[in-house]
Each structure stands twice: as C-alpha cells, then as structure tokens.
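So you know, we letter chains A, B, ... as the sequences are listed, proteins then strands, and number each from 1.
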There are 2 protein chains.
Amino acid sequence: MNKPVATSTLPRLDESLLSHLPPFSKLDKRQIRTILDQATSRRYDKGVAIFDEGAPAERFYMLLDGYVRVVRVTATGEQVTALHIPAGQLLGIARAIGKEFYPATAMTATESLALSWPMTLWDSFAADYDGFATESYKTVGNRVSEMNNRIVEMATQQVEQRVANALLRLINQTGRKVADGIEIDFPITRQDLSELTATTLHTVSRLLSAWEKQGMVQSKRKRIKVCDPHALVVLSQI
Amino acid sequence: MNKPVATSTLPRLDESLLSHLPPFSKLDKRQIRTILDQATSRRYDKGVAIFDEGAPAERFYMLLDGYVRVVRVTATGEQVTALHIPAGQLLGIARAIGKEFYPATAMTATESLALSWPMTLWDSFAADYDGFATESYKTVGNRVSEMNNRIVEMATQQVEQRVANALLRLINQTGRKVADGIEIDFPITRQDLSELTATTLHTVSRLLSAWEKQGMVQSKRKRIKVCDPHALVVLSQI
DNA sequence: TGCGTTCTTTGCGGCAGCGCAAAGTTTGCT
DNA sequence: AGCAAACTTTGCGCTGCCGCAAAGAACGCA
C-alpha cells in the first residue's frame, strides 16, 4: 500500500471543474473560487490507497477523474470491494456519518485525480454553502442503498446472477459505448470482479468464457465489453 | 402485513423517556417537553410493519421499547434482514440520507412502542436542537458500519461462522444475563436467524443442535441462550 | 382435553462452486 | 529480443450447503 509521492497545489484550478457537480452546483463563481483556493489537488497512480481504513479522517475528497474502489480487508488478508466510486463524487466523507476514522480503504482502480480539503472545513462548507450538506447526505444515502442491494443479492442470488448484476452495475456507472457493445472503461481483472461478487477468480473466468461463447460479452485482459446487456438482465433475474 | 389498528397520543408522556437517549440527551426539560408534545405514541403488535419499503417517508420514529428488524423483500418473496434495531434508537430517518421513500421495511420482532413525528419536523429538530443532527448521523454511520461488516462477513465467511457472529451480535445488542449464560431476550426462530445469515432454517437448526451437544448454547422454541460466548468467538474467527 | 398451527429436528441425495494445479497468454522491463 | 511478472483459462475432485421430505414437539385456541 504505497502512498503517492508528490502533493501539489496546481497553480490555478479551473472553476468549471466543480461548478457542474451536485454538491457545488448551486454555488456562484466566487464561492467556488474560494473552495478551490482551499483545495489540494493530487494525482494518484493506479492501485494506491487514497486513505486507509482506520486512519484518522483528516481530509475529505472530490474525485475529479478516475475510479476508486472502496475496499475492506479481512483479518486473513482477503479483500472485499464494497463499492465502486466514479468521478464526480465525494469520497471520505466520514464526517457526514459522525465518524472520526475512515471506515474503509479507498483504492484507486485507475490513475485518478482528486481534490481534497481538511476535514475541519467540512462544517463550514455545510454551514456556508447551500445544498452542500444535503447533497453529501444524498451521496451517503445512495451508498447505503447500494450496500443494501448487495446484501440482498449475496443473500439470495447465485454466483452467476451476482456476477451478471455486478457487470450491469459497472456498465451503468462507468460504461462507455463502443462499436458493438458497452465497455467498462477502466481496467478490471477477474480477481477484481470476484472480490465484488464474493466468489473466486476461477469462477468468474469460467462464467465469462461461457458468456463469451454465447456472444453476450467479449473480454480480454483487464477489459470487459458487454455486447448483449439484455441477456445479462435476463440472467440476473432468474 | 397487517397495520396496527389504533393511533393514540397518550395523555402525558414522561420526559424521562427521552432525556437519556443520545439524540436528545443534550436538551433541557422544556425542549424535551416540546418534542414530546409533538410526538405520536403508538404500540405495535409483534410482527407488524411500522413502515414499508418504498412508501413515502412521512414520519420518523424513536423506538422506546421492543425490537425491530429492518427487512428487505426480494422479487421472489424471500425476506432478508439487514439489521436489528434495539430500543433507544431512531428509526425511519430517511431524511438524514436524503431519501423521500423508506429504503426498507421496519418490522417489529416483539411487541414494541415507538414515538413518531412527521418528517416535516426533521429539519426544525436538526436546526433547533443541539446534537440532534449529529447524533442522527452517527446512527446512520453505525448502521453503515454494520452493513459493511455484514457484506464482508457474507463474502468471506462460511455459514457456521456467520451464524456464530449473528448470535454474538444479538447477545451483545439485546442479551440478558440469566442463570448459566446470556439469553437473547426476544423470541427468535431458526427462520429469523437464517434470514439474518443468508442460509436456511435447516442449516441453522443443525448448527444449534451441534452446538448444544458441545454445551455452547441451549435453545428451545424461539429462545436461544449462549452458555459459552468465548467458544462462539473462537468459532467465528476461524 | 383435543386439534390445528407453528416451529424444530433429522435424514438423505445432489450439485454449485471452491481449492488445487498446471499450462497458456499478455504485458512491462531491461 | 528475452525474461519475469501478472493475468487468464481449464480440468478435476471434493465438500459444504441446500432442497426435499417427513416426523416430532410445543404452543394457542375452543
């Protein structure tokens, strides 16, 4: 779990970075300027931790580019991915749920770019900026819903259905239209998918092979393209 | 899913009902009086829904007595219990996570008593009463943590360990010391336990039988007593 | 007290998916 | 180009757990 090397406050962040994102979309230029001037911008390599589970929640983040996996590690060292977070969302908002320590590790799934602020600014943002608190709580709400869904899924569905669901969620969140299908637009391994669906990389590999034979997906190393989303939906709803 | 019959505002609610509960503990007598005067008190039979998944989130609740299961029902009618909520906690606080509809069904596990307020009061409570909002968010945070734990558990542990964990959680939350062990102080069936741990009542029954033979638990109809919690801890951590 | 309902126990067969193993493929590095 | 590391595929045997079934035990009600 190697930390990123350099912290850099870019000379001048453009206001358009934030102005269209929900937690900030109600603010005027001057407010956004202020917020940006307080922010630290940092680039992260792929596969590094933005913050670690259990560490003091000293900063909160806005993911500007890339994808982040929210991961928990078990006593025996296995990783379980709780969520995928796409660009444009807040991250590490422990303060919004009254936590002083990060409850999970945030790991970049691709090279990523994020702004961050000291957690001490959280309360002033919430107080000063209209809609900021509300939108943050909505973010929490969405994640709660997603976790809820995953619990139900894992409790009631078979591996094949869970993997189908995970793929569908991924192409919904982060899908990119290509020639003959929708591709997950970041590198994702069989291992990653297995950690998302509580199975093994072997089983995922077998499933993808089978689906490929049926023309539902196409995959190569770290790339998965869904050709027939509808077939997956059908599969997932058995 | 039969609804409770009678709504009754009791003649005079005692302030001590709320004064020691975290979301209200920082308030003075006059404030609590005001809050109580706005509250509706209602008794619920065992096994009824306090509110239903998907319904407009029109009220929020404080569970004064009893136990509530937070349940989601799948397309095929199976029930999955996401959480158990003991007395003394807020319930149905959809507003705290920016939701307009209840994300799950709250079902009483025992006869219960709850106060409730119209959701329109949520914002004024948050604005007027010191600590109310913060404590509510902490409640959300704790539930997020618990859900997270359940996801990890279901992803990595075997049935035996999950059931052991569920029992331990139940005796921690709602355990009552008795002669030679700790008893879960509300009626819980094998079926209930299986819905908590994503398995079948048969498997739960078999496990309890086996554990009883080893002297770790004692159980009768709807009652489970843990005699050797430590042994369960050991089991759950394999 | 007797009867229906709800809950629990136990046996048995089957199979989904895991664990292990080994070989094949792609990528990055020097 | 050549090698190591990372990722993927596939086969095979095993087993934990489910599904089905059926009987037994406890409770609630008339």
Side-chain angles (χ1 to χ4, degrees), chain A residues 2 45-48 74 76-80 109-111 153-167 184 186-214 217-225 235-236 238, chain B residues 45-47 74 76-80 109-111 153-167 184 186-214 217-225 235-236 238:
Chain A
N2 42 340
D45 282 331
K46 182 185 135 176
V48 302
T74 67
T76 58
E78 292 159 285
Q79 292 193 354
V80 180
T110 62
E111 186 181 344
E153 220 180 89
M154 296 193 8
T156 60
Q157 301 192 326
Q158 316 240 87
V159 168
E160 185 171 28
Q161 289 149 50
R162 297 207 301 270
V163 176
N165 267 319
L167 271 187
I184 297 170
F186 62 89
I188 184 168
T189 65
R190 311 290 187 263
Q191 174 77 29
D192 291 336
L193 251 184
S194 74
E195 285 172 6
L196 260 177
T197 49
T199 180
T200 62
L201 77 160
H202 309 280
T203 301
V204 170
S205 177
R206 278 182 256 264
L207 283 173
L208 286 177
S209 297
W211 291 345
E212 185 142 14
K213 268 177 202 144
Q214 295 168 39
V217 305
Q218 280 176 36
S219 66
K220 27 183 185 170
R221 185 177 236 241
K222 296 194 182 187
R223 288 280 155 199
I224 302 175
K225 180 171 64 180
L235 246 189
S236 74
I238 289 175
Chain B
D45 282 332
K46 182 186 135 174
T74 67
T76 58
E78 292 160 286
Q79 293 193 353
V80 180
T110 63
E111 186 181 343
E153 219 180 88
M154 294 186 21
T156 60
Q157 300 192 325
Q158 316 243 87
V159 169
E160 184 170 29
Q161 288 148 50
R162 298 206 300 270
V163 176
N165 267 320
L167 271 187
I184 298 170
F186 64 88
I188 184 167
T189 65
R190 311 289 186 262
Q191 174 78 29
D192 290 337
L193 252 183
S194 75
E195 285 173 5
L196 261 175
T197 48
T199 179
T200 62
L201 76 158
H202 308 282
T203 301
V204 171
S205 178
R206 278 182 255 266
L207 283 174
L208 287 177
S209 297
W211 292 345
E212 186 143 14
K213 270 178 200 144
Q214 294 167 38
V217 305
Q218 281 177 37
S219 66
K220 29 183 184 173
R221 188 175 233 239
K222 296 194 183 186
R223 288 280 154 198
I224 302 176
K225 179 171 64 179
L235 246 187
S236 74
I238 290 177

Expressed in angstrom and rounded to an integer, what is the separation of [X] atom [atom1] from [N] atom [atom2]?
{"X": "Glu160(A)", "N": "dC18(C)", "atom1": "CD", "atom2": "C1'", "result": "16 Å"}
{"X": "Glu212(A)", "N": "dT9(D)", "atom1": "CD", "atom2": "C1'", "result": "12 Å"}
{"X": "Gln218(B)", "N": "dT8(C)", "atom1": "CD", "atom2": "P", "result": "16 Å"}
{"X": "Trp211(A)", "N": "dT9(D)", "atom1": "CH2", "atom2": "P", "result": "13 Å"}
{"X": "Lys46(B)", "N": "dT6(C)", "atom1": "NZ", "atom2": "P", "result": "12 Å"}
{"X": "Leu193(B)", "N": "dC17(D)", "atom1": "CG", "atom2": "P", "result": "15 Å"}
{"X": "Ile188(B)", "N": "dC7(C)", "atom1": "CD1", "atom2": "C1'", "result": "14 Å"}
{"X": "Lys222(A)", "N": "dA6(D)", "atom1": "NZ", "atom2": "P", "result": "10 Å"}

Can you tell me if the side-chain N/O atoms of [X] get under 4.0 Å from OP1 or OP2 in [N]?
{"X": "Thr200(B)", "N": "dC18(D)", "result": "yes"}
{"X": "Thr199(B)", "N": "dC18(D)", "result": "yes"}
{"X": "Thr203(B)", "N": "dC18(D)", "result": "yes"}

Scan Leu201(B) against the nucleic acid and name what it touches under 4.0 Å (heavy atoms): base, sugar-phosphate only, or nothing.
base

Would you mind classifying the nucleic acid contact of Ser205(B) as base, sugar-phosphate or nothing, using non-hydrogen atoms under 4.0 angstrom?
base

Any side-chain heavy atom of [X] sitting closer than 4.5 Å to one from [Y]?
{"X": "Pro187(A)", "Y": "Arg223(A)", "answer": "yes"}
{"X": "Val163(A)", "Y": "Trp211(A)", "answer": "yes"}
{"X": "Val159(A)", "Y": "Arg162(A)", "answer": "yes"}
{"X": "Leu207(A)", "Y": "Thr199(A)", "answer": "no"}

base_contact_polar (dT10(D) base, His202(A) side chain, donor-acceptor, <3.5 Å):
yes

Spacing of Thr197(B) atom OG1 and Gln158(B) atom CD [to the nearest 0.5 Å]:
13.5 Å

Which comes earlier along DNA chain D counting from the 5' end, the contact point of Arg206(A) or that of Arg221(A), where each point is its nearest nucleotide?
Arg221(A)

